[in-house]
Every structure is written in structure tokens, then in C-alpha cells.
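Data first, discussion second: the structure below is written as C-alpha cells.
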Amino acid sequence: MTHSKSPSSETVTASPPRANSAPGQILTTAQMRDAEAALYESGVEEWTLMQRAGHGAADWIARASAGNLVTILCGPGNNGGDGYVAAAALKARGVPVRVVAPIEPKTEQAKRAAATFDGEVLDHAAGSHGAVFVDALFGIGLARPVSDDLRRLLTDLRASHSLAVALDVPSGVDADTGACPDDLPSYDLTLSFGAWKPAHFTGDALAKLGVVRLVDIDVPDCGGNLRLSEPARLAAPDFATHKYRRGLVAVVGGAMPGASLMTARACALAGAGYVKWMSDHDHPGHPPDLVKDDAPLDDALGDDRISAIVIGPGLGREDDAQARLEAVLAAGKPAVLDADALNLLTPALLESCDAPILLTPHEGELARLCEAFEVDGETKRERASALAKATGCAVLAKGADTLLAVGEDLRFFTPATRWLSVAGSGDVLAGIAAARLAVTGDLVQAACEAVHLHGRAARIVGAGFTATMLAEAVHPALGQML
Ligand SMILES: NC(=O)C1=CN([C@@H]2O[C@H](COP(=O)(O)OP(=O)(O)OC[C@H]3O[C@@H](n4cnc5c(N)ncnc54)[C@H](OP(=O)(O)O)[C@@H]3O)[C@@H](O)[C@H]2O)[C@@H](O)CC1
Ligand SMILES: [K+]
């Protein structure tokens, strides 16, 4: 069936370019609904928000299409409404556009938006080849799994267009968790409306989103607990500083000294003024500019000038590994715990420690820690939060979707290059985090700076690198971030 709507009396006006109202804000579906409700309460109309969303999307789609045919798949709710507004805006600009609407618009705003589009509307996708496919089927209102028929429609439309753009989230993605079916098509661009959603930075959907961009619709900052950590400029050393004031870091080694040496190297290159390698073992790769301290660990850690400690890489789990971890926790200094330190950590060990501690678990270590501290959660985000609350530590849960949990707060990150998934990558991150902790004295800032430095170092070093190469690239990364 093909039909053309008669032109409606609704006017479609182009919106002026907007600056982002709250660029780092991430809202869950419930928080987004609250933010919308507050806006309506203050007199903003639902229609105004939909206009902003649809026109903002049309700006991106028009560029992607370069004047070629756009197909917009519109669903029954307001996500579909955004699609109709975008379709009308594109048509008004002279971009060839048609709508595929397998389900009639149901919400008041979606019906109103559909009435503004007087172009071609199909209820099937047969023969819908074109330049850009726009998915406006379901957004944050997804209420159940997408049916096989609709999934096939999405896949077919994706396959018959050169580029695919998802409005808010790809249809089928749970906006709060990023969970999605395996056979979801991949998109080139995902446009989030008003605020980021957790799915833009966490969960399986990450592999499907393509480039993500925020379309501002003037949702104010709601002061929520979920934020995107954006790279900020790092501070260079003060004028009157010296090596101790710039941050003395103790890198505590263990049975496998090579790993802690790499941690020490990354630490030194990430801005620490002085790095001491506390190791009972020698290693042929020990560089001349790294001071080794092989005094009994309790004594070595008694140095008042130490401002941060890192333990875990190469620690092992046997012999005196636990005693070394106990010594670190007893020192009362800010510390980064990674790798085997996380495998050895128990509630009893943390009991008498009130120093600021950063835990840097990967998925497996996070699972073990959750077991040890008797907490759980369905998603990585819930597990990291539960662990942060149970331990009182900051938890930097590493992986493709690294996130930082501190108390009730969560920080998300734009995913780094996949080449970071290499042995020793975590050892380098731990060293950087310890350096930034020594320099800033702030757990959250240190963890965020570390993630950004690590990601930038990876970008600089390119593809197929080793952890040693990554550690060396921390030096130019630091330079770029000053
Ligand atoms: N309000 C705002 O601030 C702004 C919101 N904006 C936009 O609105 C979007 C949210 O809109 P929304 O709440 O109408 O939900 P939406 O994602 O369109 O889906 C709901 C519809 O789909 C249906 N449905 C659900 N799952 C289904 C399934 N598996 N299979 C079949 N049907 C299914 C569901 O039907 P029901 O469950 O009622 O049967 C209902 O009809 C948001 O993502 C953003 O794009 C922007 O305009 C800017 C301002
Ligand atoms: K969508």
C-alpha cells in the first residue's frame, strides 16, 4: 500500500543551531521521563521537544544523505514521531524521503507529527533501496522484545541502504542496560535526544551503535548520578614544585617483577615526580632511572613522602603476596589495587583501612570481588555500584565499556580502541592511575584521567601493540592532554 498524506496546516520550522545544555548528562528511561515531566510542568510543550528532536536529527540525516533518498522507519510512539518530524523537515529541504510505517502512530504527538509529513508513506519495505535508512521504530519506550517480523524489516532496510542512522537508540536496545538481541543490525550513527542514555556507553549495544552524537533539545542538567567522563586538560606541575611534591608513588612488586616494572614505567610517564619500585626480586629490564627499594615492605612504605601506592600487577597469590597487600592497606595511603591484589582482597582485609582506595577489576575480577563481598547485580553497572557501596572504594570496572562507580555515582567513558585488549594493558592502566592519584589526590579525577590517558596512548601507538609499547606511549599522551 502506498498513500500520500495531504499537506497539513502544521508548520515545520527549522531550528537554530543549539549548544548542548548538559553535555555529560546520562539519564535512564525513568530519569528521562522525570526530566520531561518537569519540563512540561514548567510550560514547555511535548510538541516543542519533538520538533527539536526531529529537526536536530534531520540536520544529521541531510548531511549523511548528500541529497540522496532517505527511508525512515516510523514506529507507533514518540520515537516514530521524531521520525515523522525529521521526514517533514528533510522534505522541506528538498531531500527525497519516504516513510515506512508498519504500525500506525498511536500517541497524540506521533499522530500530529505524522500529519506534518505529506510525502510517501508505505506500510512495507519492498523495494526500499536508498542512501540512508533511519530507524525511528522504538526508542526508550521499548516494552518487550521486537517481533521476528519487525526484526526482519530492520535487517532488510539496513541491508538495502548505504548508511543506517538510529534515532535515540537502535530499535530493540534496552536504553538502560544496552542489552540487545545478537542479530540487531549495525548502525553508522546513533543520535541521542536530550541526554545520553546508559546504552550509549555500556552493554552489547555498543558494538552496534556506530558513531554516537547528542541532539540537544534543551533538557536541563538534572543533577543525576550518571555522567559521561569527558577528557579534560591535565594540570602541569606548579612553579615551585619538586619531585616529592609532584607525587611519590610506591609501586609494590611481587613474584613476577616484569609486570610491576611496566606499571612503574607507565606511572613515571603519567606525571608522577618520583616512582619507587618496592621489590624483593630483580629483573633484567630494570631501567636505571627507576629507584628500587628492597627494604622490608612495612619500612619502605613508612616513607611519609609517599602520596600513592599501587599493588597487584605481578604480585602473585602465593608466598608473601597477602602480607604485602596487608602492608599496603595498613600504610593508610591512597592506593590502587589491581590484578592479584583484587584476587586476594577480602572484607576482613579492608576492615581497618580508611584510606581512599581505587579498585580496577576486569569482568572476571569484578565477579570474584562481588562474590567475596556478597553483592550482586544483573549488569556490570549494577555489580560495580554494589561493590563500590560494599567496600567504600572507587571501582573502575574495566573492559570495552569501562565505567567508574563511586558511592551512588557512575561515570561512563567513550569506548577506547579495541586494541587495548592485550595482555599487560591493565598493568599500564594501574600505573597511570597511581600517578594521577599521587598528582591530584582525588580518586575520581585520577581514575577518569587514567582512562583518558590510557585510551589516548593506545590511539597514539596504533594497531597491534604490546603493553610495553603502550606504556611508552603514555609519554606523548600526557603531552597531548596538558
Ligand atoms: N518525551 C521526550 O522527552 C521526548 C521523547 N522523544 C522521543 O520519544 C521516544 C520515546 O517515546 P515513547 O515513550 O512514545 O516510546 P517509543 O520508544 O516510541 O515506543 C513506544 C511505542 O512502541 C510500542 N512498543 C514498545 N515495544 C514494542 C515492541 N517490542 N513491539 C511492538 N510495539 C512496541 C508501544 O506500544 P505498547 O507497549 O503501548 O503496546 C508504544 O506504542 C524517545 O526514545 C525519543 O525518541 C523525543 O521526541 C524528544 C522528547
Ligand atoms: K530507534
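Indexing begins at 1, ligand by ligand and atom by atom, following the structure's order.
Looking at G141, P105, A113 and measuring to atom 19 (O) of ligand 1, the nearest heavy atom belongs to G141. Heavy-atom proximity to atom 41 (O) of ligand 1, evaluated over A195, P76, A53, is greatest for P76. The nearest non-hydrogen atom to atom 26 (N) of ligand 1, considering only A143, A35, A166, comes from A143. Distances from atom 47 (O) of ligand 1 to the heavy atoms of D82, V146, T107, L39 show the closest one on D82.
Interatomic distance, CG of D216 versus CG of D218, reported as 5.0 Å (0.5 Å rounding). H55 NE2 to L90 CG: the interatomic distance, rounded to the nearest 0.5 Å, is 9.5 Å.
At least one N/O/S atom of F138, whether from backbone or side chain, sits less than 3.4 Å from the K ion (ligand 2).
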Worked verdict on T190 versus H200 for side-chain hydrogen bond (donor to acceptor under 3.5 Å, both in side chains): CA-CA 9 Å; T190 295; H200 296 124; 5.9 Å; no
Could you give me the CA-CA distance, side-chain angles and deciding distance for N225 and Q31, then say whether side-chain hydrogen bond (donor to acceptor under 3.5 Å, both in side chains) is met? CA-CA 10 Å; N225 59 333; Q31 289 171 330; 3.3 Å; yes
Going through the distances and angles, do D427 and L429 end up as a side chain to side chain contact (heavy atoms under 4.5 Å, CB included)? CA-CA 5 Å; D427 302 339; L429 178 67; over 6 Å; no
Does the side chain to side chain contact (heavy atoms under 4.5 Å, CB included) test come out yes or no for L470 and L420, once each step is laid out? CA-CA 9 Å; L470 177 66; L420 267 178; 3.7 Å; yes
What verdict does the side-chain hydrogen bond (donor to acceptor under 3.5 Å, both in side chains) test give for E449 and H452, after you've listed the backbone C-alpha separation in whole Å, the side-chain angles of each residue and the deciding distance to 0.1 Å? CA-CA 5 Å; E449 289 182 355; H452 294 302; over 6 Å; no
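For ligand 1, the polar-atom distance check against M50 finds no nitrogen or oxygen pair separated by under 3.5 Å. Geometrically, ligand 1 and I103 share no nitrogen or oxygen pair separated by less than 3.5 Å. Every N/O-N/O distance between G80 and ligand 1 stays at or above 3.5 Å. For ligand 1, the polar-atom distance check finds an N/O of D168 within less than 3.5 Å of one of the ligand's N/O atoms.
The six-membered or imidazole ring of W196 lies near that of F201, with a centre-to-centre distance under 6.0 Å.
Of all protein heavy atoms, the one lying nearest to atom 14 (O) of ligand 1 is N78 N, 2.8 Å. Scanning all protein heavy atoms for the shortest distance to atom 4 (C) of ligand 1 gives E36 OE2, 3.9 Å. Annotation: atom 17 (O) of ligand 1 to nearest protein heavy atom, G139 N, 2.5 Å. In terms of protein heavy atoms, atom 10 (C) of ligand 1 is closest to I140 CG1, 3.7 Å. Counting only heavy atoms of the protein, atom 48 (C) of ligand 1 lies nearest to I217 CD1, 3.6 Å. What sits closest to atom 30 (N) of ligand 1 on the protein, heavy atoms only, is F138 CZ, 3.4 Å.
Judged by distance alone, the side chain of R456 and the main-chain N or O of L478 form no donor-acceptor pair under 3.5 Å.
Residue contacts with ligand 1 for R144 involve both N, CA, C or O and side-chain atoms from C-beta outward (heavy atoms, distance under 4.0 Å). Contact annotation: for W47 versus ligand 1, there are no heavy atoms closer than 4.0 Å. With a heavy-atom cut-off of 4.0 Å, N79 touches ligand 1 through backbone and side chain alike. When heavy-atom distances to ligand 1 are checked against a 4.0 Å cut-off, E46 has no atom that comes that close, whether in backbone or side chain. Of the heavy atoms in F193, only side-chain atoms (C-beta onward) come closer than 4.0 Å to ligand 1. When heavy-atom distances to ligand 1 are checked against a 4.0 Å cut-off, P145 comes that close only through its backbone atoms N, CA, C and O.
Just one residue in the list D176, D168, D174 forms a salt bridge (charged side-chain N to carboxylate O under 4.0 Å, His left out) with K197, and that residue is D168.
The side-chain heavy atoms of V100 and H124, taken from C-beta on, include no pair separated by under 4.5 Å. Side-chain contact check for V165 versus Y187: every heavy-atom pair is 4.5 Å or farther apart. The side-chain heavy atoms of S425 and H454, taken from C-beta on, include a pair separated by under 4.5 Å. Put simply, the side chain of R436 does not reach to within 4.5 Å of the side chain of Q445, judged on heavy atoms.
By the definition of a contact as any protein heavy atom under 4.0 Å away, atom 34 (C) of ligand 1 is not in contact. There is a protein heavy atom less than 4.0 angstrom from atom 1 (N) of ligand 1.
Using a non-hydrogen distance threshold of 4.0 Å, R33 registers as a contact of ligand 1.
Geometry note: the K ion (ligand 2) is the vertex, V169 O and L167 O are the arms, and the angle is 70° (rounded to 10 degrees).
In D135, the N, O or S atom that comes nearest to the K ion (ligand 2) is O.
Residues that satisfy the side-chain hydrogen bond (donor to acceptor under 3.5 Å, both in side chains) test with K208, not counting sequence neighbours, are absent from this structure.
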